[in-house]
Number of protein chains: 2
Amino acid sequence: MNELGELTNQLSVFRAKEGYSQAEVAKRIGVSRQTIISLEKNKYSPSLKLAFELAYLFDTGIEDIFQYNLKGED
Amino acid sequence: MNELGELTNQLSVFRAKEGYSQAEVAKRIGVSRQTIISLEKNKYSPSLKLAFELAYLFDTGIEDIFQYNLKGED
DNA sequence: TTAATATGTAATATATTTTTGACATAATGT
DNA sequence: ACATTATGTCAAAAATATATTACATATTAA
C-alpha cells in the first residue's frame with residue numbers, strides 16, 4: 001500500500017480525559033490490554049472497526065482520535 | 001472485540017462519482033484489485049490506513065465513506 | 001513493608017487482512 | 001469474430017493485527 005502519511009493518535013489524551021486506564025479501555029472495547037498499549041506506543045494501524053469502537057467509546061469522531069499526517073506537508 | 005455495529009461503505013458510489021474502475025482505485029492506492037473488490041462486496045474491516053488512503057483519494061472524510069451502524073438503532 | 005494498580009516488555013500463538021495468480025463472464029469497441 | 005475492459009470467484013500464501021501469558025517496574029495506599 002502507498003504510505004502517503006504517518007498514522008498518529010491521541011488515544012492517551014482521550015483516555016486521560018475520561019480517567020480510564022489502558023486496562024479499562026481494553027475491557028470496554030473488548031480487546032486485550034496489549035492492543036491498547038501497542039496502539040498508544042507502536043502506532044500501528046488498527047482495523048477500522050477498532051477505530052470506530054474507540055471513537056464511539058470516547059463519543060467523538062475517528063479523525064479526532066487518529067490523524068493521517070501526509071508526508072512532506074506542514 | 002465488541003461488535004457494537006456493522007461496517008458498511010459507500011466505496012462504489014464514490015468510485016462511480018469519479019469514474020474510476022476498481023483496478024484504477026487499487027492502482028492509485030497501491031493495493032491489489034482483490035482488496036477493493038472484497039471491500040465493496042464482503043464488507044470486511046480494512047486497516048485504518050487503507051481507510052485514510054481512500055478518504056484522501058476521494059477528497060473526503062473516513063466517515064463519509066465508511067459507516068458504523070450500531071446494532072439495535074435506527 | 002505489603003498489597004494493589006497502572007504501565008511496560010517480550011515471546012508465541014491465533015485471527016484477519018491483503019496479495020497473488022488463475023480463470024470466468026458480461027459489455028464495449030474494432 | 002476478436003480484443004479489450006470491468007467485474008467477479010476461488011484458493012493458497014504472505015503480511016499484519018490481535019490474544020495470551022508471564023514477568024518487570026513504578027506508584028500509591030493500607
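Keep in mind that this is a model prediction, so the values were computed, not measured. Convention: sequence-line order gives letters A, B, ...; per-chain numbering from 1. When reading the values below, keep in mind they use all heavy atoms of this one structure, side chains included, and skip hydrogens, waters and symmetry mates.
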What's the CG-P distance between Asn2(A) and dT19(C), to the nearest Å?
11 Å
Give the intermediate values and the outcome of side-chain contact (heavy atoms from CB on, under 4.5 Å) for residues Leu54(A) and Phe66(A).
CA-CA 10 Å; Leu54(A) 287 165; Phe66(A) 295 92; 4.0 Å; yes
Could you go through residues 27-35 of chain A and list every donor-acceptor pair under 3.5 Å that involves a side-chain atom there, pairing it with any protein atom two or more places apart or in another chain?
{"from": "Ser32(A)", "atom 1": "OG", "to": "Thr35(A)", "atom 2": "N", "distance (Å)": "3.3"}
{"from": "Ser32(A)", "atom 1": "OG", "to": "Thr35(A)", "atom 2": "OG1", "distance (Å)": "3.1"}

Between atom CD of Glu53(A) and atom CG of Leu48(A), what is the distance when rounded to the nearest 0.5 Å?
10.5 Å
Short question: side chain of Ser45(A), backbone of Lys49(B) - any donor-acceptor pair under 3.5 Å?
yes
Could you give the angle between the helix axes at the two ends of the helix from dT1(C)-dA30(D) to dT30(C)-dA1(D), with five pairs per end, rounded to 10 degrees?
30°
As a test of reading the structure: which of dT18(C), dT9(D), dT18(D) is closest to the side chain of Thr35(B), going by heavy atoms?
dT18(C)
NZ of Lys49(B) versus C1' of dT18(C): gap in Å, rounded?
14 Å
If you find the nucleotide of DNA chain D closest to Leu39(A) and the one closest to Glu40(B), which residue's nucleotide is nearer the 5' end?
Glu40(B)
Should Ile37(B) and Val25(B) be regarded as members of a common hydrophobic cluster, given that ILVMFWY residues are connected when their side-chain heavy atoms come within less than 4.5 Å of each other, either directly or indirectly?
no
So CE of Met1(B) and CD of Glu3(B): to nearest 0.5 Å the spacing works out to 6.0 Å
Atom pair distance, as rounded to whole Å: CG in Leu50(A) and C1' in dA15(C):
14 Å
Tell me the interatomic distance from Ile36(B), atom CD1, to dT7(D), atom P, rounded to whole angstroms.
11 Å
Can you name the residues that form a salt bridge (charged side-chain N to carboxylate O under 4.0 Å, His left out) with Glu40(A), not counting sequence neighbours?
Arg15(A)
Within the pair Lys41(A) and dT9(C), is there a side-chain N or O less than 4.0 Å away from OP1 or OP2?
yes
Measure CG/Asn42(B) against C1'/dT16(C) and give the value in whole Å, please.
13 Å
Looking at Ser47(A), does any N or O in its side chain come under 4.0 Å of the phosphate oxygens OP1/OP2 on dT17(C)?
no
Whole-Å distance between dA15(C) P and Glu3(B) CD?
15 Å
Going through the distances and angles, do Glu6(B) and Gln67(B) end up as a side-chain contact (heavy atoms from CB on, under 4.5 Å)?
CA-CA 8 Å; Glu6(B) 203 192 7; Gln67(B) 294 80 40; over 6 Å; no
Nucleotide dA19(D), atom C1' - distance to CE of Met1(B) in whole Å:
12 Å
Residues that Thr60(B) engages under side chain to side chain contact (heavy atoms under 4.5 Å, CB included), provided they are two or more places apart:
Phe14(B), Phe58(B), Asp64(B), Ile65(B)
Would you indicate what Ser45(B) reaches in the nucleic acid, counting non-hydrogen atoms under 4.0 angstrom: base, sugar-phosphate, or nothing?
sugar-phosphate
Look at the side chain of Asn9(B) and the backbone N and O of Leu39(B), then say whether any donor-acceptor pair between them is shorter than 3.5 Å.
yes
Atom-to-atom span, CD1 of Ile37(B) to P of dT19(C) - whole angstrom:
12 Å
Return the residues of residues 6-26 of chain A meeting this criterion: a heavy atom under 4.0 Å from some atom of DNA chain C. Order them by number, or give none.
Arg15(A), Ser21(A), Gln22(A)
Looking at Asn2(A) and Leu4(A), would you say the former's side chain and the latter's main chain have a donor-acceptor pair under 3.5 Å?
no
Verify the distance criterion only: is there a donor paired with an acceptor across the side chains of Tyr68(B) and Glu63(B) at less than 3.5 Å?
no
Quick one: what's the B/S/- string for nucleotides 21-30 of chain D, heavy-atom cutoff under 4.0 Å, read 5' to 3'?
B---------
